[in-house]
Amino acid sequence: LLRALAVQDLAGQVVLVTAGPTREPIDPARFLSNRSSGKMGYALARTAFRRGARVILVSGPTTLDGPPGVQRIDVTTAQQMYDAVMAHYREATVIIKAAAVADFRSREESTEKIKKDQASLVLHLQQNPDILKELGARCDHDRQLLVGFAAESARFAEEGRKKLHNKQCDLIAVNDIGSERTGFASDANRLLVLDNRGYMAELPYVSKERCADLLWDHIVANNFLRS
Ligand code: CTP
Ligand code: CA
């Protein structure tokens, strides 16, 4: 019903969204992860479907319900998210990487529980593949719009611009994770959107659902859609 009432300005688009954290196993009892709730990514998936897109949501572990009408692919680790994204990105006309991918994983996963019979413990971590950077290199920028996120706590525009260029994104949405009002667990957010034309837009502080709609409005109004 909501879809019937909404403007179908994403009709014909295939949107691939990644959302949530990833979990990197350490032993049978433990994992490494981060504070992402998945709310921003799910809001982007839900609003894209409402506006007429076909939506594929690659999701790390969250407590959220899959938005109706959206094809959800559940993953746990960064490597699994990488594999799922690489299997599906060719279908997409818009790719949005809202997931908070764990930057590191344990170098070896212990099949046995690590015991505490030691006063200190060293965990060796190894860097995970950068999914967004790989997409920046691989995707067809004439046919596909690549939107990254950046989680920052300082120098927002500067750090965002660096990531936009390093990862060859078309747009990057910078999230302030240093503030309690925005970022991970919060229900509201404020995005700073930078693009490869050199422009910067500050979206207002609103609910994540509204924030997602404002990002779509920005993409549509500034003619970033490829078809
Ligand atoms: N990202 C990714 N794969 C990773 C790490 C990050 O695809 N292994 C993506 C995120 O989904 C996000 C963007 O890259 O869209 C920026 O993530 P962020 O954590 O802000 O930046 P990093 O490049 O990981 O750098 P750092 O954490 O050191 O700031
Ligand atoms: Ca990171």
Side-chain angles (χ1 to χ4, degrees), residues 15-25 31-45 48 56-62 73-89 92 94-107 125-139 141 144-179 182-186 189-196 200 203 208 211-212 215 218-219 224:
V15 175
L16 174 64
V17 185
T18 72
T22 66
R23 278 184 189 167
E24 311 301 325
F31 57 79
L32 258 175
S33 192
N34 60 62
R35 293 181 193 279
S36 171
S37 64
K39 285 176 192 163
M40 193 62 231
Y42 275 59
L44 284 161
I56 306 167
L57 172 62
V58 176
S59 175
T62 71
I73 301 169
D74 289 314
V75 299
T76 304
T77 65
Q79 186 61 51
Q80 287 167 0
M81 184 173 280
Y82 179 93
D83 293 341
V85 167
M86 293 311 155
H88 289 278
Y89 82 93
V94 182
I95 306 166
I96 303 203
K97 279 244 56 207
V101 184
D103 292 326
F104 297 95
R105 65 172 178 272
S106 186
R107 203 161 67 187
L125 303 183
Q126 174 175 332
Q127 203 177 108
N128 274 325
D130 191 319
I131 305 168
L132 182 60
K133 191 168 183 176
E134 188 66 27
L135 287 169
R138 281 197 200 187
C139 81
H141 291 268
Q144 299 176 298
L145 179 71
L146 182 59
V147 184
F149 266 74
E152 306 296 347
S153 56
R155 299 180 307 279
F156 305 100
E158 185 188 332
E159 296 298 323
R161 184 123 339 258
K162 266 193 228 164
K163 285 178 188 171
L164 179 82
H165 290 304
N166 286 342
K167 305 190 190 216
Q168 300 179 61
C169 297
D170 300 298
L171 283 167
I172 200 148
V174 185
N175 247 324
D176 177 0
I177 58 155
S179 146
T182 59
F184 287 137
S186 158
N189 202 6
R190 180 168 66 191
L191 295 177
L192 180 69
V193 184
L194 310 175
D195 64 49
N196 60 2
M200 178 164 92
L203 304 188
K208 283 186 175 169
C211 196
L215 184 56
H218 182 84
I219 287 170
F224 280 109

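Both ligands and their constituent atoms are indexed starting at 1 by order of listing. Positions are given from 1 along the sequence.
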Inset, instruction - May I ask you to list the atoms of ligand 1 that are less than 4.0 angstrom from any heavy atom of Ala150? - result: 20 (O)

Legend entry - For ligand 1, the portion of Glu159 having any non-hydrogen atom under 4.0 Å away: neither

Inset, instruction - Among all protein heavy atoms, pick the one closest to atom 17 (O) of ligand 1 and tell me residue, atom and distance. - result: Phe149 O, 3.8 Å

Legend entry - Any His141 side-chain heavy atom under 4.5 Å of Asp170 side chain: yes

Inset, instruction - Please verify whether a non-hydrogen atom of Pro129 lies at under 4.0 Å from ligand 1. - result: yes

Legend entry - Lys133 backbone acceptor or donor facing Asn166 side chain under 3.5 Å: no

Legend entry - Residue and atom name of the nearest protein heavy atom (relative to atom 15 (O) of ligand 1), distance in Å to one decimal: Lys97 O, 2.7 Å

Inset, instruction - With rounding to the nearest 0.5 Å, note down the distance linking CG in Leu145 to CD1 in Ile96. - result: 7.5 Å

Legend entry - Side chain, backbone, both or neither: Lys133 near ligand 1, heavy atoms under 4.0 Å: neither

Inset, instruction - Just need the protein heavy atom nearest to atom 23 (O) of ligand 1, so name the residue and atom and give the distance. - result: Lys167 NZ, 2.6 Å

Legend entry - Presence of salt bridge, Glu159 and Lys162, under 4.0 angstrom: yes

Inset, instruction - Would you check if the side chain of Thr77 reaches a backbone N or O of Arg23 as a donor-acceptor pair within less than 3.5 Å? - result: no

Inset, instruction - Output, by chain and residue number, all protein N/O/S atoms separated from the Ca ion (ligand 2) by less than 3.0 Å. - result: Asp103 OD1, Asp103 OD2

Inset, instruction - Indicate yes or no for a side-chain donor-acceptor contact from Thr18 to the backbone of Val58 under 3.5 Å, with no hydrogens or angles considered. - result: no

Legend entry - Interatomic spacing from SG in Cys211 to NZ in Lys39 - rounded to 0.5 Å: 13.0 Å

Legend entry - Thr22 side-chain N/O to Ala102 backbone N/O, donor-acceptor pair under 3.5 Å: yes

Legend entry - Min side-chain heavy-atom separation Asp103-Asn128 under 4.5 Å: no

Inset, instruction - Go through ligand 1 atom by atom and flag the ones less than 4.0 Å from a non-hydrogen atom of Ala99. - result: 10 (C), 11 (O)

Inset, instruction - For Phe104 and Glu24, run side-chain contact (heavy atoms from CB on, under 4.5 Å): C-alpha distance rounded to whole Å, both residues' side-chain angles, the deciding distance at 0.1 Å, then the answer. - result: CA-CA 8 Å; Phe104 297 95; Glu24 311 301 325; over 6 Å; no

Legend entry - Protein heavy-atom partner closest to atom 7 (O) of ligand 1 - residue, atom, separation in Å: Leu132 N, 2.8 Å

Legend entry - Residues Lys167, Asp130: salt bridge by 4.0 Å N-O rule: yes

Inset, instruction - Check each heavy atom of Asn166 against ligand 1 and say whether those closer than 4.0 Å belong to the side chain, the backbone, both or neither. - result: neither

Legend entry - Distance from atom 29 (O) of ligand 1 to nearest protein heavy atom, with residue and atom: Lys163 NZ, 2.9 Å

Inset, instruction - Decide whether the shortest distance between a heavy atom of Ala78 and an atom of ligand 1 is less than 4.0 Å. - result: no

Legend entry - Under 3.5 Å: donor-acceptor pair, side chain of Gln144, backbone of Ala92: yes

Legend entry - Protein heavy atom at shortest distance from atom 24 (O) of ligand 1: Asp103 OD1, 3.1 Å

Inset, instruction - Supply the atom-to-atom distance Leu125 CG to Ser106 OG, rounded to the nearest 0.5 angstrom. - result: 6.5 Å

Inset, instruction - Just need the protein heavy atom nearest to atom 3 (N) of ligand 1, so name the residue and atom and give the distance. - result: Ile131 N, 3.0 Å

Legend entry - atom 1 (N) of ligand 1: the protein heavy-atom neighbour that sits closest, reported with distance to 0.1 Å: Asp130 OD1, 3.9 Å

